[in-house]
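Single-structure report; data block below.
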Amino acid sequence: MALRILTRRLGYKYKLLPMLSSTSTVHLHSHATSFGFKEVKEEEKAQMVGNVFTNVATTYDLMNDLMSAGLHRLWKDRLVSKLNPFPGMNHLDVAGGTGDVAFRILENINRVRQRGLRNVFEDSLKEETQIYVCDINPKMLNVGKQRALEKGFGEDGSLIWVEGNAESLSFQNDSMDGYTIAFGIRNVTHIEKVLSEAHRVLKRGGRFLCLELSHVDIPVFKDLYDYYSFSVIPSIGELVAGDRESYQYLVESIRRFPSQDKFASMIADAGFQKVEYENLVGGVVAIHSGLKI
């Protein structure tokens, strides 16, 4: 399916996926049996991925800083800017255990309050704002809760921590204004189930946003990126976290993840419209978005 390039600026690449008609055919490729470059049984993958994140939970944020030279902070800022959070919203951040995205959303909403852009119902809206941080790994959630205390968010009733599976969410239909998932969807067993659940829980007009490590399409840069991914990142993991294998899996899982265009097609097939994506740093990461209409 041809994609139309909208614009190109600041090294970011924007592409828009046309709305699919009812007769369009999209072939989805399940990665249910992949664990990095290994082939595993479906029922084994969730436990294996869980073990990876249990092992890396305490050094997860430090490793993100080291692996991306701190750029992951800018990428998450960009993700939240696309969300355009507002006071009183119900938002679901999936695979967000350490709280990085949720904290940004809450800080953004707090800045709106401080600018005095709220009406006389400020107190009631503050109570209504709900940011759910959902993660399948309790150790990652514990790290997030501790970080919330350190940031002064421990008593903030807007943050709600939920242990749950992205493929079978416990939230009601049409209950969320926004849905984000950052660096998490490539680790699930069934991508299409996660997308279907995201569409189910969003209200009409709600936005789906996914920040994920993706595929570089610049030849020379791709060679350098491959060398860095397979030779440097696992070594950093071994040195800092004492765990080379987990980071070997993480870089392999990036290569098994669908291309930007294919993933955009999967999002559209789940029912989302106005699907688009933005490449950052030449495709090292991409932000995909879609609307439930």
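- Residues Phe183 and Lys76 have side chains in contact (heavy-atom distance under 4.5 Å, counting atoms from C-beta outward).
- A pairwise comparison of heavy atoms in Ala95 and Asp135 identifies C-OD2, 3.3 Å as the closest pair.
- Taking 4.5 Å as the limit, every side-chain heavy atom of Thr180 sits out of range of all side-chain heavy atoms of Phe208.
- For the pair Ser214 (side chain) and Val285 (backbone), a donor-acceptor distance under 3.5 Å is absent.
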Next item on the list: Could you please spell out the steps behind the side chain to side chain contact (heavy atoms under 4.5 Å, CB included) verdict for Lys139 and Thr58?
Entry: CA-CA 8 Å; Lys139 193 166 182 180; Thr58 56; 4.1 Å; yes
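- Arg255 and Ser229 share a donor-acceptor pair across their side chains, judged by distance under 3.5 Å alone.
- Between the Thr98 side chain and the Gly144 main chain, no donor and acceptor come within less than 3.5 Å of each other.
- Ala241 and Tyr247 make their closest contact through CB-CE1, 4.1 Å (heavy atoms, listed as atom of the first residue, atom of the second, distance).
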Next item on the list: For side-chain hydrogen bond (donor to acceptor under 3.5 Å, both in side chains), just list the numbers for Tyr277 and Asp261, CA-CA rounded to whole Å, side-chain angles, deciding distance to a tenth of an Å, and then say yes or no.
Entry: CA-CA 9 Å; Tyr277 68 85; Asp261 288 352; 2.6 Å; yes
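- Taking CD of Gln172 as the reference point, atom CZ of Arg200 lies at 9.0 Å (rounded to 0.5 Å).
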Next item on the list: Test side chain to side chain contact (heavy atoms under 4.5 Å, CB included) on Val284 and Tyr225 and set out the steps.
Entry: CA-CA 8 Å; Val284 170; Tyr225 179 56; 3.9 Å; yes
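- Residues Asp100 and Arg147 form a side-chain contact, since some pair of their non-hydrogen atoms from C-beta on lies under 4.5 Å apart.
- For the atom pair NZ of Lys292 and NE2 of His199, the computed distance is 5.5 Å after rounding to the nearest 0.5 Å.
- For Glu245, the CD atom is loosely surrounded, since the number of other residues' heavy atoms within 6.0 Å does not exceed 12.
- Under a 3.5 Å cut-off, the side chain of Thr59 and the backbone N or O of Met63 do not form any donor-acceptor pair.
- When Leu195, Val194, Val94, Ile181 are each tested for a side chain to side chain contact (heavy atoms under 4.5 Å, CB included) with Cys210, only one passes: Ile181.
- Atoms CG and CD1, from Asn165 and Ile136 in turn, are 4.0 Å apart once rounded to the nearest 0.5 Å.
- Residue Leu83 is grouped with residue Ile109 when hydrophobic side chains (ILVMFWY) are merged at heavy-atom distances under 4.5 angstrom, including chains of intermediate members.
- Between Val275 and Ser289 there is no side-chain heavy-atom pair separated by less than 4.5 Å.
- Side-chain polar atoms of Tyr249 and Asn187 form a donor-acceptor pair below 3.5 angstrom.
- Looking only at side-chain heavy atoms (C-beta outward), Lys222 and Asp217 stay at 4.5 Å or farther from each other.
- Although no hydrogens or angles enter the test, the distance criterion places no donor-acceptor pair under 3.5 Å between the side chain of Glu278 and the main chain of His288.
- Atom CG of residue Asp177 and atom CD of residue Gln130 lie 11.0 Å apart, to the nearest 0.5 angstrom.
- Contact between Ala270 and Ser196 at its shortest, heavy atoms only, is CB-N, 4.3 Å.
- Atoms NZ and NE2, from Lys262 and His215 in turn, are 10.0 Å apart once rounded to the nearest 0.5 Å.
- Across all their heavy atoms, Phe171 and Ser175 have their closest contact at CB-OG, 4.1 Å.
- For the pair Asn110 and Asn108, the minimum side-chain heavy-atom distance is 4.5 Å or more.
- Side-chain heavy atoms closer than 4.5 Å link hydrophobic residues (I, L, V, M, F, W, Y) into clusters, and following such links, possibly through other members, connects Leu71 to Ile218.
- Scanning both residues, Arg78 and Ile287, for their nearest heavy atoms gives CG-CD1, 3.6 Å.
- Ring pair Tyr132/His91: centre-to-centre distance not below 6.0 Å.
- The backbone N or O of Asp243 sits nowhere less than 3.5 Å from a side-chain atom of Ser246 that would complete a donor-acceptor pair.
- With Glu212 contributing its side chain and Gly184 its backbone, the two residues share a donor-acceptor pair below 3.5 Å.
- Residues Tyr228 and Leu224 are members of separate hydrophobic clusters, defined by side-chain heavy-atom contacts under 4.5 angstrom among Ile, Leu, Val, Met, Phe, Trp and Tyr.
- Nearest heavy atom pair, residue Ile233 against residue Met67, reads CG2-SD, 3.4 Å.
- To the nearest 0.5 Å, atom CG of residue Leu92 and atom CE of residue Met176 are 5.0 Å apart.
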Checklist line | Residues Phe86, Thr129; criterion side chain to side chain contact (heavy atoms under 4.5 Å, CB included); working and verdict | finding: CA-CA 9 Å; Phe86 57 89; Thr129 300; over 6 Å; no
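- By the criterion of side-chain heavy atoms lying less than 4.5 angstrom apart, applied directly or through intervening Ile, Leu, Val, Met, Phe, Trp or Tyr residues, Val201 is grouped together with Ile267 in one hydrophobic cluster.
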Check: Going through the checks in order, is the side chain to side chain contact (heavy atoms under 4.5 Å, CB included) test met by Ile293 and Lys274?
Finding: CA-CA 9 Å; Ile293 297 177; Lys274 297 186 178 180; 4.2 Å; yes
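- Under the 4.5 Å side-chain criterion, counting only non-hydrogen atoms from C-beta, Val133 is not in contact with Ile160.
- Taken together through direct or relayed side-chain contacts under 4.5 Å among Ile, Leu, Val, Met, Phe, Trp and Tyr, Leu213 and Ile236 form part of one hydrophobic cluster.
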Next item on the list: In sequence, state the C-alpha distance, the side-chain angles, and the governing distance for Asp77 and Arg73, and then conclude on salt bridge (charged side-chain N to carboxylate O under 4.0 Å, His left out).
Entry: CA-CA 6 Å; Asp77 287 343; Arg73 298 171 182 268; over 6 Å; no
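- Here the side chains of Cys134 and Asp93 are not in contact, with every heavy-atom distance at 4.5 Å or above.
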